[in-house]
> 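The following block contains the structure, expressed as structure tokens.
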Amino acid sequence: MQTLRKRSAAVSPGSTVSPDSDSRKNQRRQVGPEQKLNALRAGVLGANDGIVSTAAVVVGVAGATTATGPIAMAGIAAAIGGAVSMALGEYVSVSSQRDSENHTIEETRHALDADPDAELQALAGLYQQRGISPETSRKVAEQLSARDALDAHLRERHNIDATDVASPWHAALASFGSFAVGALLPLLAILLPGQELRVPVTFVATLVGLALTGAVAAGIGGGSRLRAAARVVIGGALALVATYLIGFLLGAAGIV
């Protein structure tokens, strides 16, 4: 999962919340670009997982039996269970990240209230480490602290932006919905064609869907769409072949 940046309510060293705190509180209620990007990333990954995991299940069952009932039941169970699992995983992960960052915000706020001079010196020291002269570092730290000490410390020392708080619900809902939508592709591909075309159609539909989600994910991250699509297509093809062969062998042996 990716680290999200946050801004804080305005606080000056040794002072109470600044007059523009209400506007900053309103900003914290808004969905920032990092939250949107996080939800989009979770959605794309959820769709990718929904496609490949559900396809692997239905293809595996189809390798063991041609009966529509078991294939449909296995696919629906995989889609529902996977969507819930993805949502819970995203919620827990982003909640932990949010709690950690909120803890850092509170610790920084308390440190500024307890000893603003020491915190100012620490901020100035950070600029000195970057090669800025002690005099200039002190001036920069003082000017930033006069405007919003908490915001300056969170940004420069912890890479946190408190107005763009990570939302576990956004990530969870995006994962749940995208996984369910992705799972529809292999479900329809395995159930709509005739028995003799079920597996080939599902293979083709799954690999095309994976190529699209891989390319979209690469576009979000700024990577190579072709390489990303190739990676997920190869991985998906291996998963489908493996589960189909396992299902076929179990069916041929009379175990299923």
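Because only heavy atoms are used, hydrogens play no part in the values below, and waters and symmetry mates are left out as well, while side chains stay in.
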> Can you find a pair of side-chain heavy atoms, one from Arg198 and one from Thr68, that are under 4.5 Å apart?
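Side chain of Arg198 against side chain of Thr68, heavy atoms only: contact under 4.5 Å found.
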> Can a salt bridge be assigned to the pair Glu119 and Arg109 using a cut-off of 4.0 Å between side-chain N and carboxylate O?
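Salt bridge: no.
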> List the atom of Leu185, the atom of Ala205, and the distance in Å for their closest heavy-atom pair.
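Minimum heavy-atom contact is CD2-O, 3.3 Å.
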> A side-chain contact here means heavy atoms from C-beta on lying under 4.5 Å apart; do Ser145 and Leu123 qualify?
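Answer yes - side chains close enough.
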> In terms of side-chain geometry, is the basic nitrogen of Glu142 or Arg147 positioned less than 4.0 Å from the acidic oxygen of its partner?
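No.
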> Go through the steps for Val57 and Thr243 under the test side-chain contact (heavy atoms from CB on, under 4.5 Å), then give the verdict.
CA-CA 7 Å; Val57 170; Thr243 55; over 6 Å; no
> Quick one: ring pair (Phe, Tyr, Trp, His ring centres under 6.0 Å) partners of Tyr244, sequence neighbours excluded?
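Partners of Tyr244 by the ring pair (Phe, Tyr, Trp, His ring centres under 6.0 Å) criterion come out as none, since no residue qualifies.
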> Between Phe203 and Val241, is there a side-chain heavy-atom distance shorter than 4.5 Å?
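Of all side-chain heavy-atom pairs linking Phe203 with Val241, at least one is under 4.5 Å.
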> Report the distance from atom CE of Met86 to atom CG of Leu88, rounding to the nearest 0.5 Å.
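Between atom CE of Met86 and atom CG of Leu88 there are 11.0 Å.
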> Working note: Leu154 + Ile105, criterion side-chain contact (heavy atoms from CB on, under 4.5 Å); need CA distance, chi angles, decisive distance, verdict.
CA-CA 7 Å; Leu154 290 175; Ile105 292 173; 3.8 Å; yes
> Rounded to the nearest 0.5 Å, what's the gap from CG on Leu126 to NE2 on His153? Could you check?
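The NE2 atom of His153 is 9.5 Å from CG of Leu126, to the nearest 0.5 Å.
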> Run Phe179 and Ser53 through side-chain contact (heavy atoms from CB on, under 4.5 Å) and show every step you take.
CA-CA 10 Å; Phe179 189 101; Ser53 61; 3.2 Å; yes
> Quick one: CG on Leu197 to CG on Leu192, what's the gap to the nearest 0.5 Å?
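The distance works out to 12.0 Å.
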> Which pair of non-hydrogen atoms, one from Ala152 and one from Leu144, has the smallest distance, and what is that distance?
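Residues Ala152 and Leu144, closest heavy atoms: CB-CB, 3.8 Å.
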> Please test Arg138 against Gln121 for side chain to side chain donor-acceptor pair (under 3.5 Å), starting from the C-alpha separation and ending with a verdict.
CA-CA 7 Å; Arg138 180 78 182 187; Gln121 184 58 42; 3.1 Å; yes
> Pairing donors with acceptors under 3.5 angstrom, does anything connect the side chains of Ser224 and Arg231?
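No, because no side-chain N or O of Ser224 sits under 3.5 Å from a partner of the opposite role on Arg231.
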> To the nearest 0.5 Å, tell me how far His110 NE2 sits from Glu106 CD.
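Interatomic distance, His110 NE2 to Glu106 CD, rounded to 0.5 Å: 5.0 Å.
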> Might you work through the side chain to side chain donor-acceptor pair (under 3.5 Å) test for Arg98 and Ser93, ending with a clear yes or no?
CA-CA 9 Å; Arg98 181 194 59 181; Ser93 176; over 6 Å; no
> How does the hydrophobic cluster around Leu184 look, that is, which other residues are in it when side-chain heavy atoms under 4.5 Å mark a link?
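Cluster partners of Leu184: none, it stands alone.
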